[in-house]
Each structure stands twice: as structure tokens, then as C-alpha cells.
Amino acid sequence: MVRAMSEALAPANPGLSGLSLYVPRPRVTLAAFAEWTGAEPAKLAAVVGDAFRVPQPEEDVYTMAAAAVLRLLRAHDVDPARVGMLALGTESSLDNAVGAVIVRGMVDDALRRAGRAPLPRDVEVPEVKHACLGGMYALKAALRYVQTDGADRVAIVVAADIAQYERGSSGEPTQGAGAVAMLVEPRARLLALDLRAAGSSSDERGWDFRKPVARHFMAEYPESCRGERDFPVFNGKYSTVCYVEAVVRALQSAHARVGGDPRALLHQPAALLLHRPYDRMPVAALGAAWVWACVRAGDREALRAACLAADVGFDALVAELGSDSRVRDGVLAHGPEFDPLARTQAVARQLAKDEAFARVLAATQPGRALVRQLGNLYTASLPAWIAAAFADAEARALAWDGAAVTLIGYGSGDAAEVWSGRVAPGWREAAARIDVKGALAGAIELAREDYEALHERRAPTRELPAPTPFAVAGRGRTYGRNWQDVGVAHYRVSEAG
Ligand SMILES: CC(C)(COP(=O)([O-])OP(=O)([O-])OC[C@H]1O[C@@H](n2cnc3c(N)ncnc32)[C@H](O)[C@@H]1OP(=O)([O-])[O-])[C@@H](O)C(=O)NCCC(=O)NCCSC(=O)C[C@@](C)(O)CC(=O)[O-]
């Protein structure tokens, strides 16, 4: 069914034509992090990844976003005069009134100083928010734009975030920072996306992960504040349950639209790319999704064997996957530690030994080694994986012409999206311009005291070189962070070389 659906996509379908990544240079490897904190290195490598980036004091979500946009304009040869929308997806904005227009200002400034015309006056500048899903929702808006009133223009969506958790919390090894800019065109040159086959899910069921605005947050959670910092309030374990369940629900929604064997949604794509807060999270969600697909497809033989091996009752499992509100009801009844998916996960672990599920997991391999270097980028996490997967597929000369690709976005709170796409003809040319390795180059390994200083927004003990290849200079530390800085803070982002 996925194939039939993808075949219906004509070459003129809208979608992605390019991506560019920007990450700060300071890096913490999880091996060093384990030494500093006493965490188990083998567990971090198995569950989380390899490293994460930390922004410099001069960097914020707008400077990173602007750097990624400038890189996209240059790498993909985009004529700024054709841009009709510049959308920002973020959950780290520093201003509740505006967002993408600040990025626009920085991009215009850099273009002018390079002797070029700024973006046109009629560019739309929305900022889109829903936790880590804001980038995908912004991309959805852009896809709709280039199919309607923007059919003669291109749109740029930039997803940018700083993921920081309180030191010593369970989230600390899963930090990260960065931005991914995406070029959206009415005729995709990289990945055509068919929103008619998309599935969605949303539900409100208690505090898995929230970022109350600073003034409320500081009054309610003074223990979580260090100076002016505002870290997320979250329940890590419970948030993983919400992630898994929302992904299954969005898949069910996609399946309700496209029909056919639901297992095809998972084992036919050449790449299955998900929101990736840490390395193992997508695998856990796909395990539950595969169990649901097998139940829905009536593939009971393999399931019964897996249930037996996992010591889980088959009928209870089927009932678990059928009930629509069990997470919310369970949490209301038992508190946030309630883990209704434990049985599903136990069965999924047994199914992982199955050949068909191994094929599902193989589709999560493209680009994985690259994104293990990045940590959680919140809204930019899935876009970074798309960039990494295409860069990797191009470098390894994978036969991706016309291949199906499934994107699964998730944002706490919680909401998920499942989209089907097809790799566009001639994709290699656009993929060769992504240059994820180049974006990761020039990392500066942080010493423990400098990591802690940057985390607390103090000056590091050692002078760090200016963020490159974009120089950032300005007065005021962070736009709007201190009320007295508003109107004074001004950043300039420009290409250094
Ligand atoms: C998710 C937690 C709680 C995990 O925190 P933790 O302390 O690592 O949890 P754990 O001790 O239960 O261990 C996790 C897994 O590691 C395994 N393990 C143990 N030892 C070893 C070993 N030696 N070798 C291999 N594996 C080992 C252990 O068995 C377990 O496997 P599982 O039961 O999951 O299959 C933490 O990372 C956290 O709090 N993260 C922050 C929240 C988060 O990322 N949640 C993810 C879902 S929500 C989301 O994605 C949205 C988000 C966060 O991006 C924000 C937004 O949308 O805005």
C-alpha cells in the first residue's frame, strides 16, 4: 500500500529540495560526561549516543537559525528573491511576540553586508510552537503554502533549539543544540511529501514535559532555577510512554487514510526517520508500532509466540493496543509512573528477533552514526536525521531513486505526525550539497569546568574561538533574556569566509 501510495506521487509533488545544518562548536562526548558524572559509559553508548553540543554565550536560537538559513541559501544556490515564507519551528524562543522576524533581520543584515539584496518585503514570518513537533508543523504549513498561494515561490523552514536540562537530572546526557534549515519547493528535488497520506495524533494528559514561561516557572519551581535559567519540568520515564503511544496513534491515523496491510507502513520504506531525543527512543516506539501492526494485520502466529516468550497474555495485549485513552486514564488512576506499555515493549523485544522487524530496524540505520554525534535538538532533531540520512545515502551511493521514506515527528505534551514520502528523481545532486560532516567539523572538546560554565551561562575559563563559519557579534548577551536588554541587544550573523 505504501508503494501504491508513493507511486501516485507525481514528480511535481511538493517537498524538500535541500537542508543545511548548524551546530555550536563546543562539544561534550558522552565518554567524558560519564567520567565527570560517574554515569555508566556502556549504558550511555547503548541508549543515548556519542556526544552533544553546547552553545557559546553569544549563541541563541535565533543566531543558530540564521546561520543555518544562510548556509542553506549558499549551499543550495537559493535566490533570496524567490523566498515567500521563512518559518521558524522552535521551543526555545526568547520572545513571546516575535521570532522568525528576528532570524529574518539577521539574514537580511548578512545579505546586505555581502552586497546582496535582502529577502523580499512580502515574506511571511510565522513562528510555530508545539514542543519538538514545532518544526514539522512549520514544515506542514510550508508544504501547504507552496501548493496554494506560494506556488511561484519557495519556502524556508528553520527548526532550531537548545535542549538543556538541570545538571544531575536524568535528561542531562540527552542535551544538544542546533538548527536545520529546509528548502521547500512546489517540485521537490530531494523528498516529495504527500500530506494526503499523513496521520496525526494529539492528546493532553498531564505533565510529561513542559517549559512554563520564566516568570511562572521561577515562582513555582525555584529549586530548578540557576540564576536566570529556566530548565524544562519533566518526568523522563513517563515522557517515553507518551512518545510511544502517540507514535502508535499517529500510525493508526495514517493507516485509516491509506488502508491495506499496516505492516507495509513500517517494513517497506528505505528509511524510517523519527524524532530522536536519544538513540534508543525510536526503536522502542517502532517496537510498539510493529506489535500494533501485527495485531491489526491479524498476524497472530508470530505474536502468540512472542507473547509466550515474554510471558504476556495475548488477549491483554490486544486490549491494550485497542484502548484509546489508557495512558491518560492510567495516569489519573495511578500517577505518572504508570507504564501501560511495559507489556507491549516486552513483546516487541521478542519480536525484534524476527526477520520482518529486523527489516524495520534496518530502515533506521541511514544517517544514524551522524545523528549519534548530536544529542537531542528538539524541533531540529528529526530534520537533522533527514539531512544525515540523505547525506549518508548519497555518500554510500544507495539505490534510493523513487524509494519510500517515512517521517515520524513527536512533540511532548503530546502530539505526533506520520508522513509518507518518496525520494525525488535526481535527488543525489541536492543530497551532495547537504554536507553534514562539514557542519560537524571544528568541534571544540570542552573540559568539565567549561561545560559547567557554559551550562550556567558563565564565561568559560578558556577563551573559545568565535563560532564559525559564521561570526556572531553583538551587544547584550541574549536577546530579551534580561528585560533591560530588550531594545539594546543586537546580533550580527555573517559569513566569516
Ligand atoms: C528517558 C530517560 C528517563 C531515561 O533515563 P535513564 O536514567 O537512562 O533510564 P533507565 O535507567 O530506565 O535506563 C534506560 C534504558 O537503559 C537500559 N540500560 C541500563 N543499563 C544499560 C547498559 N549497561 N547497557 C545497555 N542498556 C542499559 C535500561 O535497561 C533501560 O532500557 P529500556 O527499559 O528503556 O529498554 C532520560 O533519558 C530522560 O529523562 N530524558 C529526557 C526526557 C526524554 O528524552 N524523553 C523522551 C521522550 S519525550 C520526547 O522525545 C520529547 C522531548 C524530550 O524531545 C521534548 C519535546 O518534545 O519538547
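In this chain, numbering begins with 1 at the start of the sequence shown. Note that ligands are numbered from 1 as they come in the structure, with each ligand's atoms numbered from 1 the same way. Predicted, not measured: the structure shown is a model, and the values here were computed from it.
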Lys211 and Glu91 ion-paired at < 4.0 Å
yes

Determine whether the aromatic ring centres of residues Phe231 and His455 are separated by less than 6.0 angstrom.
yes

Is the closest heavy-atom distance from Lys211 to ligand 1 below 4.0 Å?
no

May I have the step-by-step check of salt bridge (Lys or Arg N to Asp or Glu O under 4.0 Å) for Arg368 and Asp392, ending in yes or no?
CA-CA 9 Å; Arg368 185 164 159 229; Asp392 186 23; over 6 Å; no

Taking distance alone, with no angle check, do Tyr243 and ligand 1 share an N/O pair under 3.5 Å?
no

Presence of salt bridge, Glu35 and Arg448, under 4.0 angstrom
no

With no hydrogens and no angle check, just 3.5 Å: does a side-chain donor-acceptor pair link Thr174 and Asn376?
no

Taking N or O atoms only and a 3.5 Å limit, does Arg280 qualify as a polar contact for ligand 1?
yes

Any idea which protein heavy atom is nearest atom 34 (O) of ligand 1, and the distance to it?
Lys237 NZ, 4.2 Å

In ligand 1, which numbered atoms sit nearer than 4.0 Å to a non-hydrogen atom of Thr174?
37 (O), 40 (N), 41 (C)

Residue portion contacting ligand 1 (non-hydrogen atoms closer than 4.0 Å) for Val48
neither

Which heavy atom of Gly199 sits nearest to which heavy atom of Ser253, and what is that distance?
CA-OG, 3.1 Å

Of the listed options (Lys129, Arg276, Lys43), which comes nearest to atom 14 (C) of ligand 1 when hydrogens are ignored and any heavy atom counts?
Lys43

Just do the side-chain contact (heavy atoms from CB on, under 4.5 Å) check on Val184 and Val157 with the steps written out, would you?
CA-CA 7 Å; Val184 182; Val157 176; 4.2 Å; yes

Nearest protein heavy atom with distance in Å, relative to atom 35 (O) of ligand 1:
Arg349 NH1, 3.4 Å

Closest protein heavy atom (residue, atom, distance) for atom 16 (O) of ligand 1
Val47 CG2, 3.1 Å

How far is atom 58 (O) of ligand 1 from its nearest protein heavy atom, and which residue and atom is that?
Glu91 OE2, 2.4 Å

What part of Ser239 sits under 4.0 Å from ligand 1 if we count only heavy atoms: the side chain, the backbone, both or neither?
both

Among all protein heavy atoms, pick the one closest to atom 49 (C) of ligand 1 and tell me residue, atom and distance.
Tyr410 CE2, 3.7 Å

Relative to the heavy atoms of Ala131, which atoms of ligand 1 are at a distance of less than 4.0 Å?
56 (C), 57 (O), 58 (O)

Please check if a non-hydrogen protein atom sits closer than 4.0 Å to atom 52 (C) of ligand 1.
yes

Just go through Ala46, Gly236, Ala285, Ser170 and tell me whose heavy atom is the nearest to atom 36 (C) of ligand 1.
Ser170

Answer side chain, backbone, both or neither: which part of Cys132 comes under 4.0 Å from ligand 1, heavy atoms only.
both

Might you work through the side chain to side chain donor-acceptor pair (under 3.5 Å) test for Asp194 and Ser420, ending with a clear yes or no?
CA-CA 6 Å; Asp194 185 1; Ser420 292; over 6 Å; no

Tell me, which protein residue and heavy-atom name are nearest atom 23 (N) of ligand 1, and how many Å apart are they?
Glu40 OE2, 2.8 Å

For atom 1 (C) of ligand 1, what's the nearest protein heavy-atom neighbour? Residue, atom name and distance, please.
Tyr278 OH, 3.4 Å

Indicate whether any N or O donor in one side chain lies under 3.5 Å from an N or O acceptor in the other, for Ser93 and Glu127.
yes

Indicate the ring-plane relationship of Phe209 and Tyr378, choosing parallel, tilted or perpendicular according to the 30° and 60° boundaries.
perpendicular

Do protein heavy atoms approach atom 3 (C) of ligand 1 to less than 4.0 Å?
yes

When you check the side-chain N and O atoms of Tyr22 and Thr63, is any donor under 3.5 Å from an acceptor?
no

Does any N or O atom in Asn376 lie less than 3.5 angstrom from one in ligand 1, N or O only?
yes

Could you tell me whether Arg457 and Glu59 make a salt bridge, using a distance below 4.0 angstrom between a side-chain N and a carboxylate O?
no

Residues, nucleotides or ligands: over 12 heavy atoms within 6.0 Å of Arg296 CZ:
no

Give me the nearest non-hydrogen protein atom to atom 44 (O) of ligand 1 as residue plus atom name, then the distance to 0.1 Å.
Pro277 CB, 3.6 Å

